[in-house]
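Working notes, beginning with the structure itself.
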Amino acid sequence: MLSIDRKTFKIAFINKFVEIHGVELKDGTNQQKYEALAGIVRDYVSRTWLKTNKRNNKSGQKQVYYFSMEFLLGRLLGDALLNLGLRDVCKAALEELNINLDELENFEHDQGLGNGGLGRLAACFLDSMASLNIPGNGCGIRYKYGFFEQKIIDGKQVEVSDEWLKEGNAWETRKANKSEIVKFGGEIKVDYINGGMNFTHVNYEPVLAVPYDTPVVGYENDVVNTLRLWSAEAVSNEFDYSSFSRGEFLQAIEYKNSVESISQVLYPEDSFYKGKILRLKQQYFFVSAGIQSILRHFKKQDGDIRFLDEKVALHINDTHPTLAIPELMRILVDEEGLDWDEAWRITTNTVSYTNHTILAEALEKWPIDMFKTLLPRIYMVVEEINKRFCEELWNKFQGQWQKISDMAIISDGQIKMAHLAIVGSHSVNGVAKLHTEILKKKEMSNFYYLYPNKFNNKTNGITHRRWLLKSNPRLTDLLKETIGESFIKHPTDLVNFERFLEDKSTLEKLGKIKLANKEVLTNTILQTQGISVDPNSIFDVHVKRIHAYKRQILNCLRIMDLHNALIDNPNLGIEPRTFIFAGKAAPGYYLAKNTIELINSVAKLINNDSRINDKIKVVYLENYNVSMAEEIVPGTDLSEQISTTTKEASGTSNMKFMMNGAVTIATLDGANIEIRDEVTDDDIVIFGLTADEVFNYYKFGGYNSIEIYNNDSRIKRVLNDLINGKYHQDKERFRSIYENLITYNDEFFVLKDFDSYIRAQDRVNTLFKDPVKWQKMCGQNIAHSGIFSSDRTIEQYATGIWGSEVIYKNL
Ligand code: 26W
């Protein structure tokens with residue numbers, strides 16, 4: 001923890017301002033003030049960063065490298081100030097200069113290099129690794145354009161590119177001297193030397209991978225780890241102006257553009273795999289650069305490559321970085337001269353893999369032709385891995401050809417990345433108990449049978465530093481006042497808050513804090529959407545990526561139904577509610593985009609219907625991102641976690657809401673089950689099909705959505721309203737949603753769960769009417785949320801997978 005007093009901070013800030021902007025503070029813009037502030041925080045961080053690196057080099061402790069195509073960091077200033085222990089000093093120093101820290105923080109552009117759950121998890125993990133003093137570094141891609149910005153125009157999503165680097169990025173350092181070359185295309189020349197084979201890659205296209213390092217500050221512990229993101233650039237001598245005279249100028253420009261396109265933009269799909277060559281290029285690009293630089297560093301520290309697995313752990317976040325396996329094999333065999341078996345032992349001991357989804361359409365499978373042309377040597381390595389794996393299978397499952405072909409890494413003209421990831425790593429984990437069981441017993445049962453010891457569960461978590469201490473200072477203060485500060489380092493100590501839930505005044509304070517947070521949100525809703533909502537109404541929140549399995553449609557249908565019920569009976573005994581939605585749809589996902597449009601149409605109709613006396617309001621917040629989540633989560637009463645059971649691997653927003661004292665309405669899916677186990681059925685509202693019921697329907701059939709439609713007049717009415725022009729003058733506008741539910745038999749059991757969902761919502765209504773009871777439920781959720789801190793998750797990864805030492809104590 002840095003000890004800097006207010007005066008020193010103030011002087012440092014003023015000096016920094018003048019130094020970087022060359023004007024006086026009084027003449028500066030807020031953007032410039034933000035930059036100066038970020039600049040001094042960076043300076044403070046740099047010293048510790050250097051110390052951490054030195055310490056790591058000296059200690060010889062095992063280094064973890066977390067490979068992920070996505071890191072959804074959000075803003076970094078507030079996080080860094082909090083973790084450095086400087087927030088209060090900074091706030092006070094700035095106040096003396098008439099500057100409001102909260103306002104300045106808004107000038108930082110969100111670092112949105114991720115789609116959703118998987119990317120945000122990676123960001124939480126970085127924070128926990130640093131805070132637990134685990135030498136753990138992130139490795140990814142520095143996309144020039146992050147996840148697109150969403151505009152809602154006429155109720156529809158419009159995508160705008162995310163120019164997050166336009167104003168510069170105060171946190172990154174370009175390390176040109178640490179660049180690596182990544183090779184694409186070309187051919188492999190094989191020479192036979194002394195009875196061995198020698199592989200030379202010729203005629204390839206070289207790409208310069210330039211690292212940009214971002215500090216990851218641990219919580220008050222003098223640790224700063226590194227997130228290294230790679231940017232693709234043309235190798236300079238290839239872009240030789242002398243070629244201009246040879247008439248190859250255009251070719252040179254083409255080369256430059258083709259290279260730079262690699263790290264140009266993040267793919268905005270988070271559940272559909274499309275076999276795009278550029279995505280494969282991205283994957284090999286960052287994995288190859290990352291591994292080359294790790295090995296270069298390892299060897300510089302006099303590491304003996306044969307003991308790499310004792311000193312290095314490579315973790316792959318879903319299958320996207322799976323090429324780490326053949327890339328490491330390539331280097332160990334071709335460049336380090338190890339024999340195959342030894343290289344394989346080292347590789348599998350070094351690599352571990354997390355699966356994040358069981359949606360079949362999300363599984364990555366690359367067409368052989370594309371793969372082979374782009375990565376000729378890597379393809380040869382994968383072929384060899386596959387050949388040896390199939391031999392293993394032949395020995396184990398003699399004659400079971402179907403099984404062997406199902407499990408092969410290469411089959412049906414494709415390379416199956418999940419198979420490669422399982423075979424080439426020593427650990428395969430799911431992200432919640434149910435998810436892991438589904439992997440073991442269903443999706444990957446063949447592999448589980450073959451390698452039972454590889455499979456394990458690591459239930460996801462969230463960093464309580466960002467998602468409680470930083471985003472909800474009011475609640476944090478109440479917790480400190482009641483249970484003391486130990487929960488900051490030991491989040492399971494939050495359980496001590498349970499004792500205070502019998503105390504009326506604590507409950508009242510809890511209610512007031514929630515109201516204050518809801519008022520902030522109310523103001524944002526008014527400012528951004530022009531909709532005035534009542535902060536005393538139930539804030540019923542459904543925010544996440546828009547996807548059929550997450551069932552925003554189920555939520556929307558019940559709002560339509562509630563509206564019908566209110567029209568039929570204006571005296572209906574319901575508590576006023578504000579339904580809040582936010583989330584982005586993949587640009588090519590028609591149904592998801594149509595869902596956004598439906599919600600906005602429903603909002604328009606309901607918000608302007610004077611017959612219902614403002615009892616319900618519907619809001620769609622534009623451009624959901626990490627910073628917006630930090631504002632929404634503390635101001636939520638009811639957290640909607642209503643995915644079709646078995647489909648949501650874990651979910652992590654469920655944990656954020658719980659920690660901020662929202663009550664959850666949920667299916668028994670993903671980590672919702674574990675939340676229920678913590679708070680018991682008393683303090684969560686559960687509904688819907690169980691996993692067994694869902695599996696039975698998928699296996700044996702027997703579900704007929706049209707029957708439900710015919711037998712439930714509420715459902716019939718809302719579905720008919722989708723196509724009778726009630727919500728849009730173009731009657732056909734929401735036809736696809738209707739067809740999905742009726743003609744295509746409702747794959748995600750929306751109609752099946754409808755009645756149970758409505759009854760669950762009625763229970764919420766009753767519970768909310770009793771403020772003491774409701775606040776107690778909220779308090780119970782807070783008290784039992786500690787286990788969902790990502791510190792717990794990371795400790796489990798460290799001890800159970802990576803074999804790294806976990807040192808809590810401050811250095
Ligand atoms: C190839 C396209 C693609 C891109 C991303 C397919 C799949 C993904 C991710 C694996 C999707 C994802 O973000 N999964 C989410 O991971 C979270 C963190 O573990 C879980 O909490 C969510 O339940 C899961 O949907």
Side-chain angles (χ1 to χ4, degrees), residues 66-72 112-125 140-141 143 147 266-280 282-283 315-323 353-366 414 416-418 421 428-436 438-439 443 457-463 467 543-551 583-584 586-589 592 629 641-658 666-667 669-675 788 790 793-794 796-797:
Y66 195 83
F67 278 72
S68 177
M69 266 194 116
E70 305 188 8
F71 287 93
L72 189 46
L113 308 186
N115 272 284
L118 166 130
R120 184 54 232 175
L121 186 78
C124 285
F125 279 6
I141 300 174
Y143 300 104
F147 193 25
L266 166 81
Y267 275 102
E269 282 84 28
D270 77 332
S271 49
F272 292 112
Y273 157 76
K274 290 191 203 148
K276 288 267 170 68
I277 192 164
L278 187 58
R279 188 172 163 93
L280 182 59
Q282 291 185 332
Q283 297 187 346
H315 198 86
I316 57 178
N317 198 21
D318 214 87
T319 56
H320 320 151
T322 300
L323 293 174
Y353 153 60
T354 300
N355 173 287
H356 294 267
T357 183
I358 57 154
L359 297 182
E361 63 270 26
L363 292 183
E364 294 190 299
K365 302 176 198 115
W366 295 105
Q414 293 172 317
K416 310 205 164 143
M417 300 307 267
V428 178
N429 76 282
V431 290
K433 282 181 192 161
L434 174 67
H435 171 59
T436 302
I438 293 173
L439 291 179
E443 297 303 306
N457 176 246
K458 297 287 170 279
T459 298
N460 282 165
I462 54 162
T463 167
W467 296 106
V543 294
K544 48 184 82 253
R545 287 301 292 264
I546 312 298
H547 198 292
Y549 86 79
K550 295 181 189 276
R551 298 200 297 189
K584 296 178 185 175
Y589 186 0
Q641 307 298 337
I642 63 174
S643 52
T644 307
T645 302
T646 73
K647 297 289 178 186
E648 188 71 271
S650 159
T652 42
S653 75
N654 44 4
M655 302 167 183
K656 294 163 197 160
F657 285 113
M658 174 196 196
T667 48
D669 197 16
N672 300 344
I673 298 174
E674 288 154 76
I675 293 180
F788 298 109
S790 46
T793 316
I794 282 299
Q796 292 176 337
Y797 274 85

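Note that the numbering runs from 1 along the sequence shown for the chain. First listed ligand is number 1; within each ligand, the first listed atom is number 1. No experiment lies behind these values; they were computed from the predicted model shown.
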Exercise for review: Look at the rings of Tyr797 and His315 and say which category their plane angle falls in: under 30° parallel, 30 to 60° tilted, over 60° perpendicular.
Suggested key: perpendicular
Point to revise | Part of Arg279 within contact of ligand 1 (heavy atoms, under 4.0 Å) | key: side chain
Exercise for review: Report the part of His356 (side chain from C-beta onward, or backbone N, CA, C, O) that has a heavy atom under 4.0 Å from ligand 1; answer both or neither where that applies.
Suggested key: both
Check your understanding: Between atom OG of Ser271 and atom CG of Leu359, what is the distance when rounded to the nearest 0.5 Å?
Key -> 6.5 Å
Study note, to complete from the structure: The residue among Thr322, Thr319, Leu280 that forms side-chain contact (heavy atoms from CB on, under 4.5 Å) with Glu364 is Thr319
Point to revise | Per-atom contacts, ligand 1 versus Asn460 - under 4.0 Å to a heavy atom | key: 18 (C), 19 (O), 20 (C), 21 (O)
Point to revise | For Gly117, the ligand 1 atoms whose distance to one of its heavy atoms is below 4.0 Å | key: 17 (C), 18 (C)
Review point. In terms of the angle between their ring planes, are Trp366 and Tyr273 parallel, tilted or perpendicular, with boundaries placed at 30° and 60°?
Key: perpendicular
Check your understanding: For ligand 1, which atoms, with element, lie under 4.0 Å from some heavy atom of Asp270?
Key -> 3 (C), 4 (C), 5 (C), 6 (C), 7 (C), 8 (C), 9 (C), 11 (C)
Check your understanding: What atoms of ligand 1 come closer than 4.0 angstrom to any heavy atom of Glu269?
Key -> 2 (C), 3 (C), 4 (C)
Check your understanding: Short list, please: which atoms of ligand 1 are under 4.0 Å from a heavy atom of Tyr273?
Key -> 1 (C)
Revision key, fill the gap. So the atoms of ligand 1 within less than 4.0 Å of a heavy atom of Tyr549 turn out to be 25 (O)
Exercise for review: Go through ligand 1 atom by atom and flag the ones less than 4.0 Å from a non-hydrogen atom of Ala649.
Suggested key: 23 (O)
Practice item. Can you see which heavy atom on Glu269 is nearest to which on Asn115, and at what distance? Key: O-ND2, 3.7 Å
Practice item. Report the part of Leu118 (side chain from C-beta onward, or backbone N, CA, C, O) that has a heavy atom under 4.0 Å from ligand 1; answer both or neither where that applies. Key: both
Check your understanding: Using a heavy-atom cut-off of under 4.0 Å, does the side chain or the backbone of Tyr267 touch ligand 1, or both, or neither?
Key -> neither
Point to revise | Between CD1 on residue Ile642 and CD on residue Glu648, distance to nearest 0.5 Å | key: 11.0 Å
